[in-house]
Amino acid sequence: MTATISNTNLPSVYDPKAAESKWQQFWEDNHIYKADPNNQAEPYCIVIPPPNVTGSLHMGHAFDNSLIDTLVRYHRMKGKNALYLPGTDHASIAVQAILEKQLKAEGKTRYDLGREKFLEKAWQWKAESGGTIVNQLRRLGVSVDWTRERFTLDEGLSRAVLEAFVKLYDEGLIYRGEYLVNWCPESQSAVSDLEVDQKEVNGNLWHFRYPLSDNSGFVEVATTRPETMLGDTAVAVNPNDERYKDFIGKTLTLPIMNREIPIIADELVDPTFGTGCVKVTPAHDLNDFQMGKRHNLPFINIMNKNGALNENAGEFQGQDRFVARKNVVAKLEELGVLVKIEEYKHTVPYSERGKVPVEPLLSTQWFVKIRPLADNALEFLDNQNSPNYVPQRWSKVYRDWLVKLEDWCISRQLWWGHQIPAWYAVSQTNGEITDTTPFVVAKNEEEAIQKAKQQFGEDVKLERDPDVLDTWFSSGLWPFSTMGWPEQTPDLAKYYPTSVLVTGFDIIFFWVARMTMMAGHFTGQMPFQDVYIHGLVLDEKGKKMSKSAGNGIDPLLLIDKYGTDALRYTLIKEVAGAGQDIRLDYDRKKNESLSFEASRNFANKLWNASRFVMMNLDEQTPLQLGVPQPSELSDKWILSRYNQVIKETSNYIDNYGLGEAAKGLYEFIWGDFCDQYIELVKSRLQSDADPSSRKAAQQTLGYVLEGILKLLHPYMPHITEEIWHTLTQKGADSKESLSLQRYPEVDEGQIDVGLEEQFDLLFGVIRTIRNLRAEADVKPGVKVAINLQTDSSREREVLAAGSVYIKDLAKVESLSVGGGEVKTGESTGESMGESTEVLTTVLTTTTTKFQIPQKWRLYLKIIGVILLVRVGFAVFNAINHVAVIAGFFEVVGLGFSGWYLANNVFNKEKRQQILQTASKSVEKVPQPTVESEPNQEEAIAGVIGTVQVILPLTGVVDIAAFCAKLQKKLEKIENDIKSLSARLNNPGFVNNASPEVVQGVRDNLAEAEKQAQILRDRIQKLSQ
């Protein structure tokens, strides 16, 4: 084969690290992904879900951003004006925890530094360490516009937060009030539901009695937090519970505290749970809080913000909540009201940052009145199906959440973050901020002073609220604040609303809903057209990855080992459907993964195939070679498959089937292009090949390879960029990028489904022959004889016409179809070109030509013979009426009959020869030559569809040695059968193992028995 190696070709080995850093730098230095709002093309925009500035790249980030980048790169190549906007979240709690830990190591607190110095330290930390996650995102090769990078505490976003807060306050949608919040005693701050980890713990359930005030009896209650009974203000029962109807309205005497509390009726109480009586602590339980409001109960807070009990706890004041728990139980036992203590497994909410159980605590905080905002978002959903959820089932989850939303606590007792723009007139409350101190809300201190003087006089003294806003407040503004809102910027006009939000289902409630509520209120539109909900990345055991479980898989380790493209491609290819979780196989001891290794092998396969193609293009680019002019059927086939894949891939990605598209590309590139087409055209690339055929092969190879690089680029941007620049011979100074080329468009005229079906049959036969060769240990260089059997005349014609392909790719010496040998130079043509013409004819005629069923052909021939005999008798009968001629024929006939009988009928050898000839003449049909099936006793066979593939072994392999190999394999399977049968006959296994495991063993046994029988039959036939 001719192979020209020059600087227009690729190195022999692909180096992912070198290519990745090279192209990431190239894209950023040349502003390849800088979006232009003046571009008139249809906009396509995605804003990155901002990772915490404290974070490091984990598998969730890698998965989410790989999906996003694939979508953005695809739509950019489709000609859209694409913007992928990056940024990070300031992560109030996380950053503050890091800084306070550092201060604690120095023996200091934030109060020792003061707010101003503390914030200086925070910004210094951000400058030094806050770029880690951003640099790691760069390693993913994401095509973001880095010139537009945002930070939720930058000047522009801070201005948007102030605007939103003041506007909501002025509209009566933000208020300051007392409410039950999740309180972290460790960080001494309220935390959102998202900042809480639900942990299952082995705890206790304490039962004790509350005596009726009239001493007529008692009720029994149970709790997992006995210290909270000190704040009980009622006991509740279900109004329909017959057991307690007479108790409703009576009062109880609360043990220890000796406080009289009522028995109330509330439908929230489940009569089937426990005793049906529930202690009510409105200041320390969310359900109790709601009951307390409904029944106007007192709210008694027994806990300080550091987790110690306060003055309302009586003798337990000053004790830590867990110390007090033990002491309260001891006191109840001493009073004789403790009934029992049960072991009880239950779920306890832990602060994600503080690592301690959160405490529902009654606290004065800032809240958003959520109902108007939620109802507005519901109206968009119900009337416009906006936003559109993919998969659609998440729309109901989102809707249910909006319906149930309660007012949102937005204040946090921290210093790092957006400080609440409220100033208290402390001069009205003795210089201190209390729950009743009056305040003004303003965008800055100057405006606040003006407002305060108007309300409280010239001598008013102001102090700003020390708390900061929940980070979800600024994140809720993210889709439009990053575009410049509240100013009407070109970016906001062009790219908002954004095209799609890509995120996991676990933050629909906490982030997605907040963005839709905020956007609907401030912009009058939903912030994105679609919400693509993906699943979670699970570990090798199918468990959710988390820091607490310690089962995370570091994507950076996988990038170092397998390359970024392999990581991206694996994560997306594993998606079996929108919204489905993916489970990664991973060997933690070796830090290896077969899935990622397979994707790296795929990259190497593409690299090597590209290298081969470029070695055979005579240093010409696809543009120089020109549009393919297919001269042979294999060219038409690969062009049909290529256009079919363009169509399928585009359709999948347009409908968020990214995993399905990735699998389709893998099968086409590895199977159709690399393993099939390149092998088919190798002989046509030889220096002595027909020039026109060689040129057509080069054109097709170059054209399809460049198209493959474009199709695959959104998934594997680095390797495709590297190959494309070499294939198209872009100079070192070129600023062009594959990512800005147009995505391939389908040419429906080149799609030939019938042609693809015929090649499927040929390749299926080739694969079967290869498998049989491998099974029989046929040496690679040995050519074999193959017999193909099928009842379908159409399949026989296709197989006969395509025999050159089969012989070439499967190393076949002689090929018989339906029993007749098809030899090169006979019906298949002298060259592959002639062979393809025959196959073309088959494909264009077999679908319209009337085919006589095989079983009727013999009957028709017999009828024809009978007709010929009758015509012969008629002729002889006519001749017999002519006297002279009749006598003459009688003499000649008698003489010939006697001679024929003597030399043929009475001669045994001649008689058998006549019978064989007659049999052949009857069976002969006008199609590929058919003869009786060869001796199959020393052969192995396989089946592909309705075609039986027979490989005779005589003279090809050592039959005895092959039988010995089969026997050894059979013995191993029989041992497996014994082991599996023993497990199923063991009652301990069948009764104790899960049904799935037992069924799996049964399935394995059935398969083993099937394989054993196949081996026995094969050994028997070969041994005869």
Side-chain angles (χ1 to χ4, degrees), residues 1 612 632-634 671 674-690 693 697 758-759 761-790 795-836 838-839 928-944 947-963 965-966 1018 1021-1022:
M1 184 188 308
F612 170 83
E632 302 194 13
L633 201 62
S634 57
C674 297
D675 283 354
Q676 308 294 7
Y677 183 69
I678 287 180
E679 293 300 318
L680 287 173
V681 300
K682 278 184 176 178
S683 59
R684 294 166 57 194
L685 298 172
Q686 295 176 356
S687 56
D688 57 351
D690 175 71
S693 177
Q758 301 308 315
F759 268 86
L761 174 63
L762 295 179
F763 292 138
V765 169
I766 291 167
R767 282 193 299 271
T768 304
I769 294 172
R770 288 172 173 172
N771 291 339
L772 292 175
R773 290 176 61 102
E775 185 177 347
D777 282 339
V778 178
K779 294 180 180 179
V782 174
K783 290 192 173 184
V784 297
I786 292 292
N787 177 253
L788 304 176
Q789 298 289 332
T790 175
E795 287 182 341
R796 286 199 298 274
E797 290 173 336
V798 172
L799 293 170
S803 62
V804 173
Y805 293 139
I806 298 173
K807 287 184 174 182
D808 190 31
L809 296 187
K811 295 185 179 179
V812 174
E813 181 70 30
S814 61
L815 179 70
S816 59
V817 180
E821 183 178 6
V822 182
K823 297 179 180 178
T824 303
E826 293 184 5
S827 64
T828 61
E830 293 293 342
S831 70
M832 193 174 294
E834 295 177 11
S835 173
T836 61
V838 173
L839 189 52
T929 307
V930 179
E931 61 186 26
S932 60
E933 187 175 310
N935 181 12
Q936 297 180 26
E937 291 182 353
E938 294 185 347
I940 58 173
V943 176
I944 175 69
V947 178
Q948 186 181 33
V949 182
I950 303 168
L951 169 61
L953 298 178
T954 304
V956 178
V957 298
D958 184 332
I959 301 297
F962 182 54
C963 285
K965 177 186 174 183
L966 295 179
R1018 185 160 290 173
K1021 289 181 179 180
L1022 291 173

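By convention here, the first residue in the shown sequence is residue 1.
Considering only heavy atoms from C-beta on, Val782 stays 4.5 Å or farther from Glu813 through its side chain. Using a 4.5 Å heavy-atom threshold, the side chains of Leu799 and Leu762 count as touching.
Sorted by first then second residue, the salt bridge (charged side-chain N to carboxylate O under 4.0 Å, His left out) pairs that include residues 761-774, not counting sequence neighbours, number zero.
One finds the CG atom of Leu772 at 6.0 Å from the CG atom of Leu951 (value rounded to the nearest 0.5 Å). For the atom pair Ile944 CD1 and Ile766 CD1, the distance stands at 11.0 Å (nearest 0.5 Å). Rounding to the nearest 0.5 Å places CG of Leu788 at 5.0 Å from CG of Leu815. In this structure, CG on Leu633 lies 4.5 Å from CZ on Phe759, to the nearest 0.5 angstrom. Atom-to-atom distance recorded for Cys963:SG and Leu953:CG is 8.5 Å, nearest 0.5 angstrom. Atom CG of residue Asp675 and atom CG of residue Leu680 lie 11.0 Å apart, to the nearest 0.5 angstrom.
Lys783 is linked by a salt bridge (Lys or Arg N to Asp or Glu O under 4.0 Å) to nothing, counting only residues two or more places apart in sequence or in another chain. By the side-chain contact (heavy atoms from CB on, under 4.5 Å) test, Asn771 pairs with no residue at all, sequence neighbours left out. Partners of Glu795 under the side-chain hydrogen bond (donor to acceptor under 3.5 Å, both in side chains) rule, at least two apart in sequence or in another chain, are Thr790, Thr946. A search for ring pair (Phe, Tyr, Trp, His ring centres under 6.0 Å) contacts involving Phe962 returns nothing, not counting sequence neighbours. Annotation: side-chain contact (heavy atoms from CB on, under 4.5 Å) contacts of Asp958 (sequence neighbours excluded): Ala960, Ala961. Remark: Ser693 engages Ser631, Glu632, Arg684, Asp690 in a side-chain contact (heavy atoms from CB on, under 4.5 Å) (not counting sequence neighbours). Not counting sequence neighbours, the partners of Ala785 by the side-chain contact (heavy atoms from CB on, under 4.5 Å) test are Ser814.
The minimum heavy-atom distance linking Val812 with Ile806 is given by the pair CG2-O, 4.1 Å. The nearest pair of heavy atoms linking Ala941 to Arg1018 is O-NH2, 3.3 Å. A pairwise comparison of heavy atoms in Ile940 and Ala776 identifies CD1-CB, 3.7 Å as the closest pair. Summarising the geometry of Ile950 relative to Ala939, their closest heavy-atom pair is CG2-CB, 3.9 Å, with the distance given to 0.1 Å.
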Going through the distances and angles, do Val957 and Ile959 end up as a side-chain contact (heavy atoms from CB on, under 4.5 Å)? CA-CA 6 Å; Val957 298; Ile959 301 297; 4.2 Å; yes
